[in-house]
Amino acid sequence: MTTSQPTNEMAEALRLALLRADPKLSRFDPLPRIISHDEFSNGHCGWSQLVGNYEDDLDTMLPGYAQHTGTMLSTLSHWDSGSHGGMGSSYALKVATRPRKGAQNVAIKRHTFRHRGRIRFEVYFTFKPEASELKLSETDVRSVGFLFDLQAGDHDKGGERVMPHLRFLNALDGEHVQKWQFKRQTTAFKPVGSGDKTLSHYHLAPEGWEDLPGGEQRLCYNEISTKVNWTYLRFDFDLETMKALDFQCNDRRFDMTAFESIRIPAMKNLWCMLNFCLFAETDTDKRAFLYVDSACISGDF
Amino acid sequence: MLPENITSVVSRNEIWTGKAASEPHEAGWAREAVIFVRALKEPKGPQPVARVEISPDGMRWVAEGAAAAMPAGRDGIAVMRVSHFGNWLRVAADFADGCESTVLVTMHLKA
């Protein structure tokens, strides 16, 4: 029999036809298995607050984590124009920093994986500072970005914990930088509490970001601080080789040859971890907001 | 589908002094909110009355009317219930000089 190839081609054509006829999924390019498809008119969809590790006392939590707050379901309500809304519903996920220069906030979705292969992370996002001034404020948001927190399975040889990070450095100290950066170093692990079971490291510390070669990109930043436009982002990563495969933001695809992830020895309790984080960081004493209209996480299995 | 129902921790292990407030929280999708303020440590000095505040824009705040005395002791809990709050919610309290409380503020929101 030699029918497997035509059958596969037909199955793939049928899959794509079904995807493209579905108004909710047609804007994405998911791999064959959709792990999650989040539209925030359906709720928070598991995007929760990244809480830091602690033991005995919350005071042991590292300051980077202590500043985090919960995600919100937002209609992007603005004082001058009312609710902006999302692409397919009134709601988007909102990640808001505190109003202090350098403040960050992180949303996390925690899964595990069942197959070490290609995964794809797609989101439609936008960002703005709090509209507390009648100014364009285009350099008030320092960065928005995402990271994965991954670890090999318990029977995998040489398993590591791997954390690919990418951020869009919008501005730094008032300069409108607009480029993608990655990170291969984290801060030292610190024991927290009185026992030896709990460690913590703040991998989103300001140090250690490196420019993605060719990663300069000017995104759409509309003309007052209450107008937003949704931006498409896609990141492909191979859980087998633990390497980035592809990265696209709107019409640009970036060469990921030089991209590296944070790599640390496997931890004793995080096997098959598949976590996704989204974060925002402010460059002024003003809140920065990351909004996500929708997200689709898929895998090739 | 079941109606959305979320517990959101809006202030965790924060030391409240002076004019204190939780971060603005958007919850226009929710019809009701129950807000708990727990003292994680022994409060210092006389404790004020906490109040729920609402806002047209997340930046300008007015008292909604719901209020409760801040916990007088460690692990004490104040509770406030609100509905008809529009979109924005926060909790605020004004502490006299030298007074403080380390708080855990949780909002329990239901569509």
Side-chain angles (χ1 to χ4, degrees), chain A residues 39-52 54 57-63 65-83 85 89-100 103 105 107 128-134 225-226 286-287 289 291, chain B residues 1-16 19-36 38-42 54-62 74-75 85-92 100-111:
Chain A
E39 293 187 308
F40 297 100
S41 55
N42 295 329
H44 288 72
C45 301
W47 288 98
S48 61
Q49 176 178 174
L50 176 58
V51 66
Y54 55 88
D57 189 322
L58 286 172
D59 290 346
T60 60
M61 191 183 298
L62 298 180
Y65 294 107
Q67 66 182 321
H68 295 168
T69 55
T71 59
M72 291 171 259
L73 301 178
S74 172
T75 59
L76 292 79
S77 169
H78 296 124
W79 71 272
D80 59 347
S81 52
S83 290
S89 80
S90 291
Y91 288 100
L93 185 77
K94 178 179 183 179
V95 181
T97 72
R98 294 169 190 270
R100 185 185 66 250
N105 196 13
K128 279 286 178 177
E130 189 168 56
S132 55
E133 294 181 286
L134 307 187
S225 56
T226 56
K286 190 187 282 189
R287 294 179 180 91
F289 302 145
Y291 299 99
Chain B
M1 184 181 293
L2 292 171
E4 181 73 352
N5 166 23
I6 277 287
T7 293
S8 192
V9 174
V10 296
S11 303
R12 181 190 50 246
N13 204 31
E14 291 181 9
I15 300 171
W16 278 14
K19 291 186 180 301
S22 59
E23 282 293 286
H25 201 80
E26 283 196 62
W29 55 270
R31 293 183 181 275
E32 63 176 67
V34 179
I35 302 169
F36 296 100
R38 173 179 153 202
L40 294 174
K41 297 179 181 174
E42 195 62 35
I54 57 177
S55 169
D57 55 16
M59 298 180 285
R60 297 160 185 84
W61 297 92
V62 291
R74 178 178 175 155
D75 282 335
F85 48 82
N87 186 35
W88 298 92
L89 274 176
R90 74 172 188 179
V91 181
E100 69 174 51
S101 184
T102 302
V103 298
L104 181 73
V105 182
T106 59
M107 289 186 179
H108 305 256
L109 302 154
K110 194 178 291 185

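Quick note on labels: first sequence line is chain A, next is B, and so on, each numbered from 1. Worth saying up front: this structure is predicted, and the values here are computed from it rather than measured.
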Inset, instruction - Return the option, out of Lys94(A), Arg98(A), His68(A), with the maximum number of heavy-atom pairs under 4.5 Å with chain B. - result: Arg98(A)

Inset, instruction - Pick one of side chain, backbone, both or neither for Ser41(A), based on which atoms fall under 4.5 Å of a heavy atom in chain B. - result: neither

Inset, instruction - Calculate, to the nearest 0.5 Å, the distance between atoms CD and OG1 belonging to Gln49(A) and Thr7(B) respectively. - result: 12.0 Å

Inset, instruction - Check each atom of Tyr65(A) against the heavy atoms of chain B and say whether the ones under 4.5 Å are side chain, backbone, both or neither. - result: backbone

Legend entry - Separation between CG of Leu58(A) and OG1 of Thr102(B), rounded to the nearest 0.5 Å: 10.0 Å

Legend entry - Structural part of Pro3(B) lying under 4.5 Å from a heavy atom of chain A: neither

Legend entry - Contacting region of Asp59(A) [heavy-atom separation from chain B under 4.5 Å]: both

Legend entry - Beyond-backbone contact of Pro99(A) with Glu23(B), side-chain heavy atoms, under 4.5 angstrom: yes

Inset, instruction - Indicate the atoms forming the closest heavy-atom contact of His44(A) with Ile6(B), along with that distance. - result: ND1-CG1, 3.2 Å

Inset, instruction - Starting at CD of Glu26(B), measure out to CZ of Phe289(A) and round the result to the nearest 0.5 Å. - result: 7.5 Å

Legend entry - Portion of Leu40(B) that has a non-hydrogen atom of chain A nearer than 4.5 angstrom: side chain

Inset, instruction - Check whether Thr97(A) gets within reach of chain B through its side chain, its backbone, both or neither, counting any heavy atom under 4.5 Å. - result: backbone

Inset, instruction - Find the distance between CG (Asp57(A)) and NZ (Lys41(B)) and round it off to the nearest 0.5 Å. - result: 5.5 Å

Inset, instruction - For Ser8(B) and Gly70(A), work out which heavy atoms get closest and say how close. - result: OG-CA, 4.1 Å

Inset, instruction - Could you have a look at Thr75(A), Thr69(A), Leu73(A) and say which one has the most heavy-atom pairs with chain B under 4.5 angstrom? - result: Leu73(A)

Legend entry - Straight-line distance of Met72(A) CE to Asn87(B) CG, nearest 0.5 Å: 10.0 Å

Legend entry - Non-hydrogen side-chain atoms of Met61(A) and Asn13(B) separated by less than 4.5 Å: no

Legend entry - Between CZ on residue Arg60(B) and OG on residue Ser132(A), distance to nearest 0.5 Å: 8.5 Å

Inset, instruction - Please look at Val9(B) and chain A and tell me whether the side chain, the backbone, both or neither of the residue comes under 4.5 angstrom of a heavy atom of that chain. - result: both

Legend entry - Closest non-hydrogen atom pair, Val51(A) against Arg12(B): CG2-NH1, 3.7 Å

Legend entry - More than 12 heavy atoms from other groups under 6.0 Å of OH on Tyr54(A): no

Legend entry - Lys110(B) atom NZ, neighbour heavy-atom count above 12 within 6.0 Å: no

